Amino acid sequence: MPEYILAKHLSKHLNEEVILKGWVYNIRKSGKIWFLVFRDGTEFVQCVVLMNEVSGEVFELKTTLTQESSVMIRGIVQEAPRQENGIEILVKDIEVIHIAEEYPIALKEHGVDFLLDNRHLWLRSRQPYAIMKVRAEVEQACRDFFNERDFTLVDSPMFTPNAAEGSTTLFETQYFDRKAYLTQSGQLYSEAAIMALNRTYCFGPCFRAEKSKTRRHLTEFWMVEPEMAFFDIHDDMALAEEFVEYLVQRALKNCRRELEILERDISKLEAVKRPFPRITYDDAIAVLKRKGFDIAWGDDLGAPHEPAVSEDYDRPVMIWRWPAASKAFYMKRDPEDERYVMGVDVIAPEGHGEIIGGSQREEDIKVLLERIDREQLPVDDFQWFLDIRRYGSVPHSGFGLGLERTVGWICGTHHIRECIPWPRTMARLKP
RNA sequence: UCCGGAGUGGCUCAAUGGCAGAGCGGGUGGCUGUUAACCACUAGGUUGUAGGUUCGAAUCCUAUCUCCGGAGCCA
C-alpha cells in the first residue's frame, strides 16, 4: 500500500505527521497565513500554511496554486474545534502534482444547466460528492437486504423483444436486422426466475422514452425489483415496508457525515419506522374528497393528489387495492371484487412522491389472457410469460423501487437528476 | 404534446425605450485564524438567432431556436 493516508482516516492519526494526496478545493489567503481546503474524495479537510512552518517556496504556493490543482501534502493532524469535522492539518510541505487551469465551477451558486454541462467536474463538489456516497450506500443496502433474506440476484436483460406493459413508451434500437427495445422493467423475467429460485431480485437500469420533463423523471434510471413466490399482497407490503425502513436506517447509520454536508433534517428520516400507514385507494379518494378535491372513483391519483394524501403522515404511506382499469394487466384481481387489483404504491413523505410500485401478480392464465386480449397486447410475445401459469402456477408478488427517487428523498434533493452520476433526460445526453 | 418561465462578460444576476452594470471567478497589490474570508485596483460584451417598429431597442412587435419545470405518464 502507498504511504499516504485517506482524509477520512485522519482522526485516527491525531498529532501525527501524515501525507495526503488530493486536490485543492479552495484557498483563503491572508498575509503570513493561508488556508487550503483539501479534498481527496473521502473527506474535506482544512490545511493551515504558516510562514514560519514551511519553506519560502512552499509558502509562496499561495500565489500559484489554483482551485482543483492536485497536490501532495505533508503535515501534522491537529484538533480544530471550529472545523466541521474537528480536525485540520498544520502543513509542513506541499508538493505540486499539477496546476489546474482556471476552473469553471466557482464556489457559488450556479445554474442547473451549466452544472449539468460540467457534470464531470461538478461531481467533485461537496453536494454531488455526498449524494454519490449516499447512493452507493443505498445500493449496497439493497443488495445486503435481499441477500440476507434468501433472495437470489437474477438480473434481467436490457434488450427486449417487445413492450412489456404496452402503455409506456420504449426506446427502440436496431438489433441486427430487426428492432429491439430497451427494458423498462425486469419484472416479467423475474416472475419466471422465482419459479426456479423462489425469491429473486434484479437491480439495474431501466429506460423510459416518456417525454416527461419533471424533477421526478429520468429517461435512464435504476430500479431494484424483488419478486417472491407464494407472497400475497399483504406479504408484499410487509416486505416493502421493511425494505424502505432498512434503507433509511442504513443511510442514517453509515452516511451521517454526508447527510450533514447535505444539511438534511435527520429527524425526518429517524421517523421512518414500521409500521407504515396502509390505506386503500377508496380511503385515499375519501380523504381527497374531504380535502376538497374534485375527484371521482376510478380517477387515477395525479400530481396534486399524492402529496395531499401523504402530507398527513411523517413516514411513507402505502396506497393499495386500486381500480383495475388504471393498472397493468398482470396485477391480480381482488377475488372479492373484480373492479380492484392488488396493487400498491408507496409514497415517500415530504413531497418526494412515489418510490415503489408493486402488486400481487395474476397467476390464473384465463384471467391473464382476458386482460391481454382486452388491452390488445400481442399475445404471441407473451407465450413464455403465460408458460409460468401453465406449469405449476403459484401466487406471487413483487415490487420495484426507484433508486434515484429513494436517494433523492433520503438526501432531500430537489431534483432526482442529482442522484445519478450521469443523468439522462429528454434534453440531455452529455456528458 | 400542452401550459408557464428564462436566454445580457467564464458563472450568477441587474439595467422596462435614452452612456450595458454589479458580485463571484481571472490578474495585480495588502492583511497571522480564515470558513463561498475580507479590502483596493484591473482586464473582460455582436444582450440566443433572424426580421420589424423607433431619432434611438437588452427593453416594444413578429418569427424561430435552446433550456428550465409543471401537466399527462410513471420508479
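As the structure is a computational prediction, the values presented were derived from the model and not from experiment.
The ring-ring contact (aromatic ring centres under 6.0 Å, His included) analysis of residues 10-32 of chain A, with sequence neighbours excluded, yields the pairs A:Tyr25-A:Phe44.
A:Arg119 pairs by the salt bridge (Lys or Arg N to Asp or Glu O under 4.0 Å) definition with nothing, not counting sequence neighbours. Remark: A:Glu270 engages A:Arg256 in a salt bridge (Lys or Arg N to Asp or Glu O under 4.0 Å) (not counting sequence neighbours). For A:Glu258, there are no salt bridge (Lys or Arg N to Asp or Glu O under 4.0 Å) partners two or more places apart in sequence or in a different chain. Scored by the side chain to side chain donor-acceptor pair (under 3.5 Å) test, A:Asn85 finds no partners at all (sequence neighbours excluded). With sequence neighbours excluded, the residues satisfying ring-ring contact (aromatic ring centres under 6.0 Å, His included) with A:Tyr340 are A:Trp297. Remark: A:Glu354 pairs with no residue by the salt bridge (Lys or Arg N to Asp or Glu O under 4.0 Å) rule, at least two apart or across chains.
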Which protein N or O atoms sit under 3.5 Å from an N or O of nucleotides 27-33 of chain B?
from: B:rC31; atom 1: N4; to: A:Ser30; atom 2: O; distance (Å): 3.2
from: B:rU32; atom 1: OP2; to: A:Lys32; atom 2: N; distance (Å): 3.0
from: B:rG33; atom 1: O2'; to: A:Arg82; atom 2: NH1; distance (Å): 3.3
from: B:rG33; atom 1: O2'; to: A:Arg82; atom 2: NH2; distance (Å): 3.3
from: B:rG33; atom 1: N1; to: A:Glu88; atom 2: OE2; distance (Å): 3.0
from: B:rG33; atom 1: N2; to: A:Glu88; atom 2: OE1; distance (Å): 2.6
from: B:rG33; atom 1: N2; to: A:Glu88; atom 2: OE2; distance (Å): 3.1

Table of protein N/O atoms under 3.5 Å from nucleotides 11-13 of chain B N/O atoms:
from: B:rC11; atom 1: O2'; to: A:His110; atom 2: ND1; distance (Å): 2.4
from: B:rC11; atom 1: O2; to: A:Lys108; atom 2: NZ; distance (Å): 2.6
from: B:rU12; atom 1: OP1; to: A:Gly111; atom 2: N; distance (Å): 2.8
from: B:rU12; atom 1: O4'; to: A:Lys108; atom 2: NZ; distance (Å): 3.4

Please tabulate, one pair per line, each protein N/O and nucleotide N/O from nucleotides 41-49 of chain B that are separated by under 3.5 Å, including the distance.
none

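Residues of residues 399-431 of chain A having a heavy atom closer than 4.0 Å to RNA chain B, listed by number: A:Gly402, A:Arg405, A:His415, A:Ile416, A:Arg417, A:Ala427. Applying a 4.0 Å cut-off to non-hydrogen atoms, none of the residues of residues 241-261 of chain A approaches RNA chain B.
Regarding contacts with the backbone of B:rG69, every side-chain N or O of A:Lys213 stays at 4.0 angstrom or more from both OP1 and OP2.
Between A:Glu404 and A:Arg216 there is no salt bridge, since no side-chain N of the basic residue sits under 4.0 Å from a carboxylate O of the acidic one.
Within the 4.5 Å cutoff, the side chain of A:Ile261 has heavy atoms near those of the A:Tyr129 side chain.
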